[in-house]
Peer 1: 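Sharing a structure below in structure tokens format, with a few things to ask.
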Amino acid sequence: MKKAVFLYNTRSGKGRIEKCATEICDIFRQNGWEIEPQLISFDRNPFDGHEDIDLMVVAGGDGTVNFVLNAMKKKGLDIPVGVIPAGTANDFAGAVGMSKNPLEAAHQIATGVEDRVDCGKVNDIYFVNIFSFGIFTTTSQRTSDEVKHRIGKLAYIIEGFKEFRAMHAVPLEVVADGRSFDLSSLMVLVFNGETAGGFHLARRSSIKDGKFDCLMLEKKNFLRSTLAMGRYLMGGNPNIVHHLQVRELDIRSTINEPTDVDGQKGAEFPLHIECIAGGLRVMAPRE
């Protein structure tokens, strides 16, 4: 019988996953899985003692999946991961094609097919969805779980608007797949998936193409930069929103700007960012 661990985070989303944990485990058992439920602890590696399992089922948001990916890579393991969306935005789960309903997602995983998708790595930290720095990009880190639970994705928007007060440019030296350029940037987004905080920003990104979609908002005056980003969000192509598709990025700056990986604290400058094609095994919906 195939063995799995069901790792769930009751702090993700509105804590609803705890209410259906038993039903989720029943779905796996009905489909031939031996499964052990385990409440997540961010103080220890969830793969300790589970190095020989066939599947790690993760219920949480992108931050929880990020934690599991990095824990697995630290142990040198390559175990398939199934993601049950239980966070606020669940960007990576959406890219894989998971249902927003936890029980339906559990059935998709229990009866699904194994696939390989890309993941990212910045310095020594892995990520599944997005690496970023500049305005708006540490919003998730600073938005409390309580506020996320109460108003959902609107919490990101409210917290993000507060960042305008501290808006500043970051001088960058960039090498993108061997091509060098300098840029004074307000924001850099490096996408493995298509969305951030539930908002569709990377128009051509795929978790299977071996490339990142990278957006860099060039610093002009406040009004021009703001309008340019607004035009981009509405489908336009303003010339101060630079769009790249790359496999590797090296970024240096005279400022050690805070960074973010999947809503968690990220790496420090200088940055080496690479797309690891097929670097993560996932259980995807059969259809």
Peer 1: Which word best sums up how the rings of F127 and F212 line up, parallel for under 30°, tilted for 30 to 60°, or perpendicular for over 60°?
Peer 2: parallel
Peer 1: Does V175 belong to the same Ile/Leu/Val/Met/Phe/Trp/Tyr cluster as L215, with side-chain heavy atoms less than 4.5 Å apart forming each link?
Peer 2: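 No.
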Peer 1: Would K75 and F47 count as a cation-pi pair here, with the cationic atom under 6.0 angstrom from the ring centre and within 45° of the axis?
Peer 2: no
Peer 1: When you look at CD of E268, are more than 12 heavy atoms from neighbouring residues, nucleotides or ligands closer to it than 6.0 Å?
Peer 2: no
Peer 1: What's the shortest heavy-atom distance between A169 and S184, and which atoms?
Peer 2: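 Where A169 meets S184 most closely, the heavy atoms are CB-OG, 3.3 Å.
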Peer 1: Measuring only between side-chain heavy atoms, which start at C-beta, is V190 closer than 4.5 Å to L249?
Peer 2: yes
Peer 1: Would a single hydrophobic cluster contain both F181 and F133, if residues Ile, Leu, Val, Met, Phe, Trp and Tyr are joined by side-chain heavy-atom contacts under 4.5 Å?
Peer 2: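 Cluster IDs for F133 and F181 match.
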Peer 1: Any side-chain heavy-atom pair from L217 and V241 closer than 4.5 angstrom?
Peer 2: yes
Peer 1: Go through the steps for E114 and M283 under the test side chain to side chain contact (heavy atoms under 4.5 Å, CB included), then give the verdict.
Peer 2: CA-CA 5 Å; E114 186 180 314; M283 289 297 285; 4.0 Å; yes
Peer 1: Is a side-chain donor or acceptor of D213 paired with a backbone partner of Q245 at a separation under 3.5 angstrom?
Peer 2: no
Peer 1: For N101 and E104, indicate whether the former's side chain and the latter's backbone hold a donor-acceptor pair under 3.5 Å.
Peer 2: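 Confirmed, N101 side chain pairs with E104 backbone.
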Peer 1: Measuring from I40:CD1 to Y8:OH, what's the distance to the nearest 0.5 Å?
Peer 2: 11.0 Å
Peer 1: Could you tell me whether D118 and R247 make a salt bridge, using a distance below 4.0 angstrom between a side-chain N and a carboxylate O?
Peer 2: no
Peer 1: Assess whether side chain to side chain contact (heavy atoms under 4.5 Å, CB included) is satisfied between I109 and I84, documenting all intermediate values.
Peer 2: CA-CA 8 Å; I109 298 167; I84 296 177; 3.7 Å; yes
Peer 1: Verify whether one side chain among N66 and D62 offers a donor that lies under 3.5 Å from an acceptor in the other.
Peer 2: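 D62 and N66 do not have a side-chain donor-acceptor pair below 3.5 Å.
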Peer 1: Where the side chain of D177 meets the backbone of E248, is there a donor-acceptor pair that is under 3.5 Å apart?
Peer 2: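 Side chain of D177 to backbone of E248, a donor-acceptor pair under 3.5 Å: yes, one is there.
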Peer 1: Can you tell me how far apart NE2 (H107) and CD (E23) are? Round to the nearest 0.5 Å.
Peer 2: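 Spacing of NE2 (H107) from CD (E23) equals 14.0 Å.
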Peer 1: Rounded to the nearest 0.5 Å, how far does CG of D78 lie from CZ of R116?
Peer 2: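 The CG atom of D78 is 4.5 Å from CZ of R116, to the nearest 0.5 Å.
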Peer 1: After noting the C-alpha distance and the side-chain angles of M72 and I79, does the key distance pass the side chain to side chain contact (heavy atoms under 4.5 Å, CB included) rule?
Peer 2: CA-CA 8 Å; M72 179 167 58; I79 294 171; 3.8 Å; yes
Peer 1: Please check if the side chain of Q30 supplies one atom and the backbone of F28 the other of a donor-acceptor pair under 3.5 Å.
Peer 2: no
Peer 1: Determine the minimum heavy-atom distance between I17 and A59, stating which atoms define it.
Peer 2: CG1-CB, 3.6 Å
Peer 1: Working to the nearest 0.5 angstrom, can you tell me the gap between L227 CG and I240 CD1?
Peer 2: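 Taking CG in L227 and CD1 in I240, the distance rounds to 9.0 Å.
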Peer 1: Between L244 and R179, does a side chain to side chain contact (heavy atoms under 4.5 Å, CB included) hold up when you go through it step by step?
Peer 2: CA-CA 11 Å; L244 310 171; R179 182 171 69 90; 3.3 Å; yes
